[in-house]
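Step one of this worksheet: look at the structure below.
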Amino acid sequence: MQKGDMSREQIENLPIDISSNKLLDWLIDRRHVDLKWQTAALGVREKINNAIQDMPAVDEITQLVSGTYINYFHCRRIVELLKETEAGTKNIFGYYSSTRMKDWQEIMKLYEKDNLYLAEAADMLIRNVNYEVPALKKQITKCQQTQTECERKERDYVVNGNEQREQYHTLCKQYGIKGEKVKSELINLVKDLSSVYEDIVKKTQNIVNTCDFYQAFVQFSIGGTDDSEENEKRLPLIQYLQELGNTTVYQWRTGTAPSQVVETLLLLDDEEETKEDQIDWGDLGEEIDFGISVEGNADQTGHGDGIDFGEDTTDEINFDVTVESDETFEALKDDGIARGTDSLSLLDNPATRNSFIDELLELDGFLSQRLNEMKGESDVLSVNQFQNAPTILQLVDRERVVGMRKEVKDILNQLTSNKMKQLFQIKSSPKYVDKLTQSLKQKLDQAEKMIASQQAVKERRFASLEEQKSLEPKISVLIMRTKQLQKQIESEISERYKNRPVNLVGAINKM
């Protein structure tokens, strides 16, 4: 329908659409409000602050003046309520003698002058739409993000805490301890070494045939005789353990058993069960007698009081030092008493234990090489090569060599396992015990820290949730009051345009 085809009534009923963000500019451009309205608004705000100090005890009035920014429409409602409460102060001319009524009527007049109330209401609506409501929504969104992040962190802390605790129990299981009193249990593990050594010696005695096979093969390869002294130089520790067992280093070194063994005691203090002894100084108030007498008079040489050491200093000091002969040291050396490293067993002493491991590796290397050779040998070549070999070499087949190597590897694995390495370290170094204990406890400490962090994050999540719950009613009330203010402004503008429909559009409809 063209504009010329519309009736005057239809034209007058066309709606006026105003962007909510441009509302104040629209009112200023059309001269509905003054450009410097803010200066006048400050005076009105001051009078409102003074007027609300003396208000009647009416629930609706109390609700209007508390917890909200009072605008013109609130003032108009307050005046209506005061007409009821202050009706007794009205004179025959229709005027009120009540100070309350006069104050609020004056505020209404100041608001209505130059449509000040319309400018303030428009400014309040724009501020709510563009700042107040988005700020609250942003706070709620931030609270929701915080809750999501806290939930993720809670899961991570639980997982990490369980991992640390699982690692702790796994390590304790590897070391063969329960993990209740770590240091005590680690120290007690050393007591089990003797039974482990016995088991290793028994397994070593079971590989006598393997050692004989190795000795025979080497002897045949170099063309020696069975009586060659070279046999005694090969695998000496393995042969010794097979014959005499895990004796002291002294017996291994000298060939005779010691008459006495002076064991080297390893001091492993359990800090979890005992505390360091405190030094008792006693009562320091009494005089301490060090056994030194102080003469009261100076001697004839002119010196001051001297200290009597109880000996005649005039005698000549003899600096002659008596040096023991080599025979004395040799006698002390061979007195039959095992001291220091000599008192340790062969498997306890790191030097002999490493030599034993080297011999086992030598034996394992030989068997491995022999398996490779037997795998590639043809029957004819094998018969020709070993037709003059000792019987032990001719009767051992590849399957038997595989079994021999398995027995040797079993001893090696047992002796070089992580648990055994830890036991050797524990027995040889108290500092290592402390370090290992601290390392294990650190796993538990980390798990406890994860639990504490999880609890802190959980509390933060609950705090954020409570904040969100407190903000949601505020934003609902603010949106409701903004919508109400929108209708009031639309109604006021509509009156100035012969009640034409007025619509505030834009961001206000997207809240």
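Ion pairing of Glu80 with Arg76 is absent here, as no side-chain N (NZ or NE/NH1/NH2) approaches a carboxylate O to less than 4.0 Å. For Lys203 and Asp199, the salt-bridge test passes: some basic side-chain N is under 4.0 Å from an acidic carboxylate O. Ion pairing between Arg152 and Asp156 holds under the 4.0 Å rule for side-chain N and carboxylate O.
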Going through the checks in order, is the side-chain hydrogen bond (donor to acceptor under 3.5 Å, both in side chains) test met by Ser345 and Asn246? CA-CA 6 Å; Ser345 68; Asn246 187 30; 3.3 Å; yes
Can you list the steps and then say if Lys109 with Lys113 is a side-chain contact (heavy atoms from CB on, under 4.5 Å)? CA-CA 6 Å; Lys109 290 178 181 179; Lys113 184 181 179 181; over 6 Å; no
Please determine whether side-chain contact (heavy atoms from CB on, under 4.5 Å) holds for the pair Tyr111 and Leu118, giving the CA-CA distance in whole Å, both sets of side-chain angles, and the decisive distance to 0.1 Å. CA-CA 8 Å; Tyr111 258 137; Leu118 203 55; over 6 Å; no
Assess the residue pair Glu490 and Lys487 against the criterion (salt bridge (charged side-chain N to carboxylate O under 4.0 Å, His left out)); give the C-alpha distance rounded to whole Å, side-chain angles, the decisive distance to 0.1 Å, and a yes or no. CA-CA 5 Å; Glu490 288 174 347; Lys487 293 179 180 179; over 6 Å; no
Would Glu112 and Met108 count as a side-chain contact (heavy atoms from CB on, under 4.5 Å) if you check the C-alpha gap in whole Å, the side-chain angles of each, and the deciding distance to 0.1 Å? CA-CA 6 Å; Glu112 291 170 355; Met108 289 293 292; 3.8 Å; yes
Stepwise side-chain contact (heavy atoms from CB on, under 4.5 Å) check, Arg165 with Glu448: CA-CA 9 Å; Arg165 198 173 293 277; Glu448 294 298 330; 3.3 Å; yes
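Contact of the Asn50 side chain with the Asp103 side chain is not registered, since no non-hydrogen atoms from C-beta on lie closer than 4.5 Å. Looking at heavy atoms from C-beta onward, Leu423 lies in side-chain contact with Met420 at the 4.5 angstrom threshold. Looking at heavy atoms from C-beta onward, Ile207 lies in side-chain contact with Leu363 at the 4.5 angstrom threshold. Using a 4.5 Å cut-off on side-chain heavy atoms (C-beta onward), Leu186 and Leu189 make contact. A heavy-atom distance below 4.5 Å is found between the side chains of Leu82 and Pro56. A 4.5 Å side-chain heavy-atom check between Val505 and Ser20 finds every atom pair outside the cut-off. Here the side chains of Leu27 and Ile493 are in contact, with some heavy-atom distance below 4.5 Å.
Annotation for Thr416 and Ile357: closest pair CG2-CD1, 4.0 Å, computed over non-hydrogen atoms. Taking each heavy atom of Leu24 and Ala119 in turn, the nearest pair found is CD1-O, 3.8 Å. Between Leu415 and Phe424, the closest heavy-atom pair is O-CE1, 3.8 Å. Among all heavy-atom pairs drawn from Leu237 and Thr352, the shortest one is CD1-O, 3.2 Å. A pairwise comparison of heavy atoms in Asp348 and Arg353 identifies O-NH1, 3.0 Å as the closest pair. Nearest heavy atoms, Ala121 versus Leu485: O-CD2, 3.6 Å.
For the atom pair Ile411 CD1 and Thr204 OG1, the distance stands at 4.0 Å (nearest 0.5 Å).
The side-chain hydrogen bond (donor to acceptor under 3.5 Å, both in side chains) test with Arg461 singles out one residue from Gln147, Glu154, Glu149, and that residue is Glu154.
A cation-pi contact links Arg45 to Tyr69, judged by a cut-off of 6.0 Å to the six-membered ring centre and 45° from its axis.
Evaluation of the salt bridge (charged side-chain N to carboxylate O under 4.0 Å, His left out) test over residues 17-29, restricted to residues two or more places apart or in two chains, returns none. For the side chain to side chain donor-acceptor pair (under 3.5 Å) condition, the pairs that include at least one residue of residues 122-133, sequence neighbours left out, are Asn21-Asn130, Asp123-Arg127, Asn128-Thr482. The salt bridge (charged side-chain N to carboxylate O under 4.0 Å, His left out) pairs that include a residue from residues 46-55 are Lys47-Glu106, Asp54-Arg100, where partners are two or more places apart or lie in different chains.
Proximity of the aromatic rings of Tyr72 and Tyr117 is defined here by a centroid distance below 6.0 angstrom, and this criterion is met.
Taking the six-membered ring where tryptophan is involved, the planes of His32 and Tyr497 are perpendicular, since the angle between them exceeds 60° and thus also 30°.
Panel note: side chain Asn413, backbone Lys409; a donor-acceptor pair is recorded below 3.5 Å. Gln486 contributes no side-chain N or O that, together with a main-chain N or O of Ile508, makes up a donor-acceptor pair within less than 3.5 Å.
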